[in-house]
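Notes for the one structure printed next.
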Amino acid sequence: MIEKSTIRDPKLANKGWKKIQWVAGRMDILNEILKEYEDEQPLAEKNLAICLHLEAKTAYMAYAAKKLGARVAICGSNPLSTQDDVAAGLAAHGVEVHSWYGATDEEYREHINKVLDIKPDLIIDDGGDLVELVHTKRKDLIKKIIGGSEETTTGIHRLKAMENDQVLAFPMMAVNDALCKYLFDNRYGTGQSVWDGIMRTTNLVVAGKNVVVAGYGWCGKGVAMRAKGLGGRVIVTEVDPIKASEAWMDGFQVMPMQEAAKVGDFFITVTGCKDVICREHFKVMKDGAVLANAGHFDVEISKPDLKELAVKEEEARNNIQLYELADGRKIYLLAEGRLVNLAAGDGHPAEIMDMSFALQLSSLLYLLDNKMTNAVHKVPAEIDNKVARLKLKSLGLAVDELSKEQEAYLSGWQHE
Ligand SMILES: NC(=O)c1ccc[n+]([C@@H]2O[C@H](COP(=O)([O-])OP(=O)(O)OC[C@H]3O[C@@H](n4cnc5c(N)ncnc54)[C@H](O)[C@@H]3O)[C@@H](O)[C@H]2O)c1
């Protein structure tokens, strides 16, 4: 598929394929699903368009979909998260790839359009850009689309807004909202990979530093938990009084960003909202503050405000941009304010994405077997439970089973 693909450098294919093989050996659930369905070829004669962060785990999922019979085209879901070697490795193994690291906004759009040229029957999206394009400039494709699935919180927000506006034109499975997704991927995956990205990029110590985590949702909980484990003093900022109370009970300080801005050494935004850190916050930050974002879009830390306040801007180190303010204070922004764990790291660990991507493929198979309305659908509990059971199996763990008497006791109300 190399000749059909839009990739940076085909010569990187061997290096990328090795990365894909490394994770393939650790994605036990996906491998079980492959074993179960490969003979059946349930995706035969189906075209699958994927827009996801294009690193090794995603590549292996795309490859697995191909092994189940699909014709697959894939692009990155962020201009900075594609790994060019992985893209080349995947293209060399039968998947059409349109993506490269450092795509301009125009190239990013072009890559999504090229993926859509496959005329999909099925879609996997991450953040909603692919689905948005189908509903705006590529409406001609809608008739053929059976449905799709969405990977992340921000994408689900956009899909629900489309559903509310009654414009969603095919069913979408909310993979992000499955228990085996957000309890593991958003919490433990983001928790570990965000710190991996920050530490490998800055090479700075976390212990003893004030770490400000904006947003105490599933991702924020993971980022705060791991910051604490690294010895950081964690401050949480929130807009939701329940989440803020939860953060306090979990042992973290809670305060508005305007206060936190004065004391933070590291700032991590993970809210899905915009302008969480902006002008008034930069004005009071300490010299040397390090800023990173882990939310889906690069709008959580206001880059326009930072640029306007800065008298000097330069690259301090790979993936670190220095902004010097008029009074000499220096503020450092990692990975252009894009998801730090993917733009400056390898993303979530393989064993975590194994669960998320098992949900993705299972959701596609479910869509093919069931007639569904043009709405955002929950992943059925049977799929969630199957993924959890396969996870336990891969860990060599077992759980107890309820006896008939216990089941009756739990479902009854008259206790003798
Ligand atoms: N980096 C990654 O790999 C990764 C993984 C999963 C999800 N995400 C993205 O991370 C973001 C958060 O996802 P989540 O699953 O934690 O969502 P969530 O809805 O569980 O949590 C978001 C939290 O942010 C809070 N919030 C909203 N606006 C705020 C503001 N202005 N200031 C402070 N807090 C605010 C909300 O009250 C909520 O508690 C989304 O954009 C999602 O798509 C990133």
Side-chain angles (χ1 to χ4, degrees), residues 51-55 57-58 76-78 80-81 125-129 150-160 174-198 212-226 235-248 250 252 254-261 264 267-278 280-281 292-302 334-335 337-349 352-353 355-357 359-360:
C51 178
L52 270 173
H53 301 294
L54 187 40
E55 43 66 53
K57 285 89 63 185
T58 305
S77 56
N78 184 292
L80 287 195
S81 62
D125 204 0
D126 181 356
D129 284 348
E150 169 55 52
E151 173 76 5
T152 197
T153 316
T154 286
I156 304 285
H157 289 165
R158 295 175 80 187
L159 286 175
K160 288 202 169 142
V175 165
N176 179 75
D177 295 354
L179 295 170
C180 279
K181 166 62 166 70
Y182 66 78
L183 289 178
F184 301 93
D185 175 317
N186 299 32
R187 183 165 47 174
Y188 299 107
T190 313
Q192 175 169 326
S193 62
V194 159
W195 285 106
D196 172 25
I198 294 174
V212 180
V213 180
Y216 202 65
W218 290 107
C219 294
K221 284 188 223 302
V223 173
M225 172 174 46
R226 294 302 181 231
I235 299 167
V236 168
T237 73
E238 252 296 345
V239 291
D240 178 334
I242 296 174
K243 301 278 176 62
S245 306
E246 199 184 356
W248 177 256
D250 284 345
F252 303 126
V254 174
M255 61 183 79
M257 183 56 84
Q258 197 57 45
E259 295 305 310
F267 292 81
I268 299 104
T269 51
V270 66
T271 68
C273 187
K274 66 172 197 166
D275 297 337
V276 178
I277 302 182
C278 49
E280 61 262 34
H281 306 125
N293 169 52
H296 190 77
F297 286 115
D298 60 339
V299 295
E300 304 211 11
I301 300 166
S302 172
L334 306 191
R338 300 190 189 272
L339 307 110
V340 69
N341 55 331
L342 283 144
D346 285 317
H348 295 357
I352 296 271
M353 291 319 291
M355 300 177 83
S356 304
F357 289 159
L359 287 166
Q360 284 287 5

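Both counts, for ligands and for their atoms, begin at 1 and track the order of listing.
- Side chain of W218 to main chain of L183: no donor-acceptor pair is present (N/O by atom type, distance under 3.5 Å, no hydrogens or angles).
- Residues satisfying the salt bridge (Lys or Arg N to Asp or Glu O under 4.0 Å) criterion with R187, sequence neighbours excluded, are absent altogether.
- Every residue two or more places apart in sequence or in another chain was checked for a salt bridge (Lys or Arg N to Asp or Glu O under 4.0 Å) with E300, and none qualifies.
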Extract all N/O-N/O pairs under 3.5 Å that connect ligand 1 to the protein, and present each with both atom names and the distance rounded to 0.1 Å.
unit_1   : atom_1 : unit_2 : atom_2 : d
ligand 1 : 1 (N)  : A294   : O      : 2.8
ligand 1 : 1 (N)  : N341   : OD1    : 3.1
ligand 1 : 1 (N)  : N341   : ND2    : 3.3
ligand 1 : 3 (O)  : N341   : ND2    : 2.8
ligand 1 : 13 (O) : T153   : OG1    : 3.4
ligand 1 : 15 (O) : T153   : OG1    : 2.7
ligand 1 : 15 (O) : N186   : ND2    : 2.9
ligand 1 : 16 (O) : W218   : N      : 3.2
ligand 1 : 16 (O) : C219   : N      : 2.9
ligand 1 : 20 (O) : W218   : N      : 3.2
ligand 1 : 37 (O) : E238   : OE1    : 2.8
ligand 1 : 39 (O) : E238   : OE2    : 2.6
ligand 1 : 39 (O) : K243   : NZ     : 3.2
ligand 1 : 41 (O) : T154   : OG1    : 2.6
ligand 1 : 41 (O) : H296   : N      : 3.0
ligand 1 : 43 (O) : T152   : OG1    : 2.6
ligand 1 : 43 (O) : T154   : N      : 3.1
ligand 1 : 43 (O) : T154   : OG1    : 3.4

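- The aromatic rings of Y216 and F252 sit perpendicular, their planes meeting at an angle over 60°, well past the 30° parallel limit.
- Checking side-chain atoms of N293 against main-chain N and O of G337 turns up a donor-acceptor pair under 3.5 Å.
- Here salt bridge (Lys or Arg N to Asp or Glu O under 4.0 Å) pairs that include residues 174-183, with residues two or more places apart or in two chains, are K160-D177, K181-D185.
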